[in-house]
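A short worksheet on the structure shown next.
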Amino acid sequence: MKDHSIKSAQAASASRPTRIIQSPYEQIAAFKGGVFHFNFQKSVLWMEEKGKMLFGDNFAIAPADLNLIYKLLIYAIGDKENAERLGLNLRKGLLISGPIGCGKSSLARLISYFCPREKQFMVKPTREISFEFEKNGYSVINHYSKGSYFRIGGLPVPKVYCFDDLGLEQTPKHFGNECNVMAEILLARYDLFVAKRMLTHLTTNLSASELEAIYGNRIRSRMREMFNLVAFDKAAKDKRV
């Protein structure tokens with residue numbers, strides 16, 4: 001396990017850490033020279049403790065996942081030097097892929113705590129968005145794209161979402177009209193990514209070709225611009241068994 005220090009970007013948010021219960025910024029980070037310094041081993045232990053609170057006492061960080069977690073932590077805290085070394089673009093979102101039950105959704109929720117306040121995100125299952133569309137119609141697309149803002153100090157800040165299990169949702173209908181609602185949301189958020197740097201994260205069990213079969217080449221092309229691919233090993237075990 002890596003035990004060296006990793007450090008956050010020197011940003012405006014660095015002097016006002018997120019105020020949440022058991023924030024890693026308050027508990028395990030050292031604030032020096034305008035940046036937060038994290039010890040990787042302590043960060044993993046914090047994630048495991050928080051995971052037990054959120055997901056139950058059986059939650060544990062698998063040693064085989066440590067390299068992937070290291071990448072996610074580097075991205076979340078905005079460690080520019082290590083991100084560049086690992087080929088991570090901090091201006092893009094994350095596409096976390098891997099087999100069923102490998103822990104994508106759980107790790108996404110835990111990693112969000114390490115992001116600065118304006119970049120923390122909600123993990124939203126795509127199935128729930130399909131159900132929302134069936135009930136509320138096309139306003140749902142706007143809710144997760146053009147209407148996806150909150151305010152910090154009176155200024156509008158793009159809201160970050162992690163859409164969970166992309167590709168497993170059903171194609172919903174609203175008053176008999178079918179809509180590939182996630183495709184529309186991703187296209188809208190792509191435009192806002194280009195114009196306003198709106199970040200989006202995804203988790204999926206599917207391959208790039210399987211995603212293209214569902215959403216088309218237009219979406220796949222834009223996904224290359226929007227996301228850093230962080231992939232579990234194809235042989236990763238189902239941790240829910």
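Every heavy atom of this structure was used, including side-chain atoms; hydrogens, water molecules and symmetry mates were not.
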Within a strict 4.5 Å, meaning less than it, do heavy atoms of the [X] and [Y] side chains meet?
X: Ile219; Y: Leu211; answer: no
X: Leu202; Y: Met223; answer: yes
X: Ile28; Y: Asn39; answer: no
X: Ile61; Y: Leu45; answer: no
X: Ile69; Y: Phe40; answer: yes
X: Met182; Y: Ile214; answer: no
X: Ile74; Y: Phe38; answer: no
X: Pro116; Y: Tyr25; answer: yes

Is [Y] reachable from [X] through a run of I, L, V, M, F, W or Y residues, each pair having side-chain heavy atoms under 4.5 Å apart?
X: Leu192; Y: Leu187; answer: no
X: Val140; Y: Met198; answer: no
X: Leu66; Y: Leu73; answer: yes

To the nearest 0.5 Å, what is the distance between [atom1] on [X] and [atom2] on [Y]?
X: Met47; Y: Leu72; atom1: CE; atom2: CG; result: 7.0 Å
X: Leu90; Y: Ile77; atom1: CG; atom2: CD1; result: 10.0 Å
X: Phe36; Y: Glu26; atom1: CZ; atom2: CD; result: 9.0 Å
X: Tyr190; Y: Glu225; atom1: OH; atom2: CD; result: 3.5 Å
X: Phe232; Y: Asn67; atom1: CZ; atom2: CG; result: 11.5 Å
X: Leu186; Y: Tyr215; atom1: CG; atom2: OH; result: 7.0 Å

Open item on the list: Which heavy atom of Leu68 sits nearest to which heavy atom of Leu107, and what is that distance?
Closed with: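 So the two residues come closest at CD2-CD1, 4.0 Å.
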TODO: Measure across Leu206 and Gly167 and return the closest heavy-atom pair with its distance rounded to 0.1 Å.
DONE: CD1-CA, 3.7 Å
Atom pairs and distances, donor-acceptor, side-chain atoms in residues 92-103, under 3.5 Å, two or more places apart:
from: Lys92; atom 1: NZ; to: Arg224; atom 2: O; distance (Å): 3.2

TODO: Examine distances only and state if a side-chain atom of Asn82 and a backbone atom of Tyr70 form a donor-acceptor pair shorter than 3.5 Å.
DONE: no
Open item on the list: Which residues pass the ring pair (Phe, Tyr, Trp, His ring centres under 6.0 Å) test with Phe59, not counting sequence neighbours?
Closed with: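 Only Phe55 meet the ring pair (Phe, Tyr, Trp, His ring centres under 6.0 Å) criterion with Phe59.
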Task: ring pair (Phe, Tyr, Trp, His ring centres under 6.0 Å) partners for Phe121, two or more places apart - done: His201
Partners meeting side chain to side chain donor-acceptor pair (under 3.5 Å) with [X] (sequence neighbours left out):
X: Asn228; value: none
X: Glu84; value: none
X: Ser145; value: none

Task: Residues in salt bridge (Lys or Arg N to Asp or Glu O under 4.0 Å) contact with Glu132, at least two apart in sequence or another chain - done: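 Glu132: salt bridge (Lys or Arg N to Asp or Glu O under 4.0 Å) contacts with Lys124.
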- [ ] Output all residues satisfying salt bridge (Lys or Arg N to Asp or Glu O under 4.0 Å) with Asp165, sequence neighbours left out; order by chain, then residue number.
- [x] none
Count the heavy atoms belonging to other residues, nucleotides or ligands that lie under 6.0 Å from [atom1] of [X], then report whether that count exceeds 12.
X: Lys71; atom1: NZ; value: no
X: Asn58; atom1: CG; value: no
X: Lys52; atom1: NZ; value: yes

Open item on the list: The criterion is side chain to side chain contact (heavy atoms under 4.5 Å, CB included); which residues satisfy it with Leu54, sequence neighbours excluded?
Closed with: Lys50, Arg109, Leu110, Tyr113
TODO: Could you pull out all residues at least two apart from Ala213 that satisfy side chain to side chain contact (heavy atoms under 4.5 Å, CB included)?
DONE: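 Ala213 satisfies side chain to side chain contact (heavy atoms under 4.5 Å, CB included) with no other residue.
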Open item on the list: Could you go through Cys179 and Ile141, starting from their C-alpha distance and side-chain angles, then the distance that decides it, and tell me whether this counts as side-chain contact (heavy atoms from CB on, under 4.5 Å)?
Closed with: CA-CA 10 Å; Cys179 176; Ile141 297 170; 4.1 Å; yes
Task: All pairs passing salt bridge (charged side-chain N to carboxylate O under 4.0 Å, His left out) where residues 195-219 contributes a residue, at least two apart - done: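 Checked against salt bridge (charged side-chain N to carboxylate O under 4.0 Å, His left out) - neighbours excluded - the pairs reaching residues 195-219 are Glu212-Arg220.
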Return a table of donor-acceptor pairs under 3.5 angstrom between the side chains of residues 146-153 and protein atoms on other chains or two or more places apart.
from: Ser148; atom 1: OG; to: Arg189; atom 2: NH1; distance (Å): 3.4
from: Arg151; atom 1: NH1; to: Gly154; atom 2: O; distance (Å): 2.5

TODO: Applying ring-ring contact (aromatic ring centres under 6.0 Å, His included), run through Tyr138 and Phe133 and close with a yes or a no.
DONE: CA-CA 7 Å; Tyr138 290 89; Phe133 179 84; 5.0 Å; yes
Open item on the list: Angle between ring planes, Tyr161 versus Phe163, binned at 30° and 60°: parallel, tilted or perpendicular?
Closed with: parallel
